[in-house]
Amino acid sequence: MKIGELSRRTGLAASRIRFYERIGLLGAARRQANGYRSYPEESVLALRLIATAQRAGFSLQELRQLLPEDLAQWQHDELLVTLHRKLQSIDRMQAQLTRNRAELSELIAQIEARPEDMDCAGNARRVLSQMRLLRPDEEEQVQPAQSSSRAT
């Protein structure tokens, strides 16, 4: 099949298909007498596998190591080890993202808890102090700005 048909069947741009071919993820297409590429039916499956694996977080380098030249030559044990390793990596990323989210939520809560008599710069110093991002001598500067209209 020509690249346009392959593109239509896989949902991938022709330039992406040529890229995968150029970097060796997709087997080289046979050239017709007129110079057009002619792809075998297996290319559809190979490209769908590549696209799915990329959505699952596999890098092109990982795919190069994972995908056999002939899809009928999968190494069962090696494939499972690689997939389990990727799953563990995703679990670690999820745990890190959960920590990042909790830290951001706490930061937002602290910023939103600005005392009414404190300006933004003072609030920033207060929050940075609570996060222990200021040195002790800098923390002394963290005092609410007193409003001149407010009674002491």
Side-chain angles (χ1 to χ4, degrees), residues 1-115 118-142:
M1 83 188 80
K2 292 181 185 173
I3 198 165
E5 172 70 10
L6 186 57
S7 174
R8 187 186 62 72
R9 290 182 59 190
T10 61
L12 296 171
S15 60
R16 172 70 49 185
I17 294 169
R18 285 189 295 271
F19 171 72
Y20 290 148
E21 185 179 353
R22 188 172 63 249
I23 66 170
L25 275 179
L26 181 64
R30 194 172 39 95
R31 293 285 183 159
Q32 297 174 341
N34 60 7
Y36 289 159
R37 289 175 168 93
S38 178
Y39 293 92
E41 185 66 30
E42 300 82 48
S43 297
V44 174
L45 177 59
L47 288 169
R48 287 178 180 161
L49 282 170
I50 291 167
T52 300
Q54 280 197 292
R55 283 192 304 273
F58 283 88
S59 70
L60 294 177
Q61 181 61 35
E62 288 171 321
L63 287 174
R64 212 176 265 112
Q65 295 168 353
L66 179 64
L67 294 175
E69 298 230 359
D70 177 3
L71 294 179
Q73 300 299 318
W74 287 98
Q75 298 297 318
H76 178 83
D77 293 338
E78 186 178 321
L79 175 62
L80 281 175
V81 166
T82 302
L83 293 174
H84 281 292
R85 196 176 310 128
K86 189 57 160 181
L87 194 57
Q88 290 171 345
S89 173
I90 290 170
D91 289 342
R92 285 190 300 275
M93 278 191 272
Q94 275 186 315
Q96 182 61 51
L97 287 171
T98 299
R99 288 189 296 273
N100 292 354
R101 188 181 195 297
E103 289 173 8
L104 274 175
S105 292
E106 177 60 27
L107 177 61
I108 290 168
Q110 288 193 27
I111 291 170
E112 289 176 338
R114 176 177 61 103
M118 186 176 285
D119 63 10
C120 286
N123 192 44
R125 287 190 300 275
R126 177 187 67 82
V127 170
L128 292 171
S129 175
Q130 288 176 345
M131 294 173 64
R132 294 189 169 94
L133 295 175
L134 293 177
R135 295 187 313 258
D137 60 314
E138 294 171 321
E139 286 186 28
E140 295 170 5
Q141 300 170 11
V142 179

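Numbers here simply count residues along the sequence, with the first being 1.
For the pair Glu103 and Leu107, the minimum side-chain heavy-atom distance is 4.5 Å or more. Side chains of Leu6 and Thr10 form a contact here, defined as non-hydrogen atoms less than 4.5 Å apart. With a 4.5 Å cut-off on side-chain heavy atoms, Ile17 and Tyr39 count as touching. Contact annotation: the side chain of Leu60 approaches that of Phe19 to within less than 4.5 Å [non-hydrogen atoms, C-beta and beyond].
Applying the side chain to side chain donor-acceptor pair (under 3.5 Å) test to every pair with at least one member in residues 40-56, sequence neighbours left out, gives these pairs: Arg9-Glu41, Tyr20-Gln54, Thr52-Arg55. Applying the salt bridge (charged side-chain N to carboxylate O under 4.0 Å, His left out) rule to pairs touching residues 12-32 yields Glu21-Arg37, sequence neighbours excluded.
Under the 3.5 Å distance criterion, the side-chain polar atoms of Asn123 are matched with a main-chain donor or acceptor of Ile111. Glu62 contributes a side-chain N or O that, together with a main-chain N or O of Ser59, makes up a donor-acceptor pair within less than 3.5 Å. Judged purely by atom type and a 3.5 angstrom limit, Arg126 uses its side chain to pair as donor or acceptor with the backbone of Gln110. Between the Thr98 side chain and the Gln94 main chain, a donor and an acceptor come within less than 3.5 Å of each other.
Here the straight-line distance linking atom CG of Leu67 with atom CG of Leu49 works out to 6.5 Å at 0.5 Å rounding. In this structure, CD on Gln75 lies 11.5 Å from CG on Leu66, to the nearest 0.5 angstrom. With values rounded to the nearest 0.5 angstrom, Ile50 atom CD1 is found 10.0 Å from Arg64 atom CZ. In this structure, Leu12 CG and Leu26 CG are separated by 10.0 Å, a value rounded to the nearest 0.5 Å. Atom-to-atom distance recorded for Lys86:NZ and Met93:CE is 5.0 Å, nearest 0.5 angstrom.
Scanning all heavy atoms of the two residues, the minimum distance from Ala29 to Ser38 falls at CB-O, 3.7 Å. Heavy-atom minimum distance, Ala14 versus Ile3: O-CD1, 3.5 Å.
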Exercise for the section: Test Leu83 against Leu79 for side-chain contact (heavy atoms from CB on, under 4.5 Å), laying out the working first. Expected result: CA-CA 6 Å; Leu83 293 174; Leu79 175 62; 3.9 Å; yes
Exercise for the section: Would you please test Phe58 and Thr82 for side-chain contact (heavy atoms from CB on, under 4.5 Å) and show each step? Expected result: CA-CA 10 Å; Phe58 283 88; Thr82 302; 4.2 Å; yes
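Of the N and O atoms on the side chains of Arg85 and Gln88, not one donor lies less than 3.5 Å from an acceptor on the other residue.
Partners of Ala102 by side-chain contact (heavy atoms from CB on, under 4.5 Å), not counting sequence neighbours: none found.
With a 6.0 Å radius and a threshold of 12 heavy atoms from other residues, nucleotides or ligands, Glu78 has its CD atom at or below the threshold.
Electrostatic pairing of Lys2 and Glu5 does not count as a salt bridge here, judged by no charged N lying under 4.0 Å from a carboxylate O.
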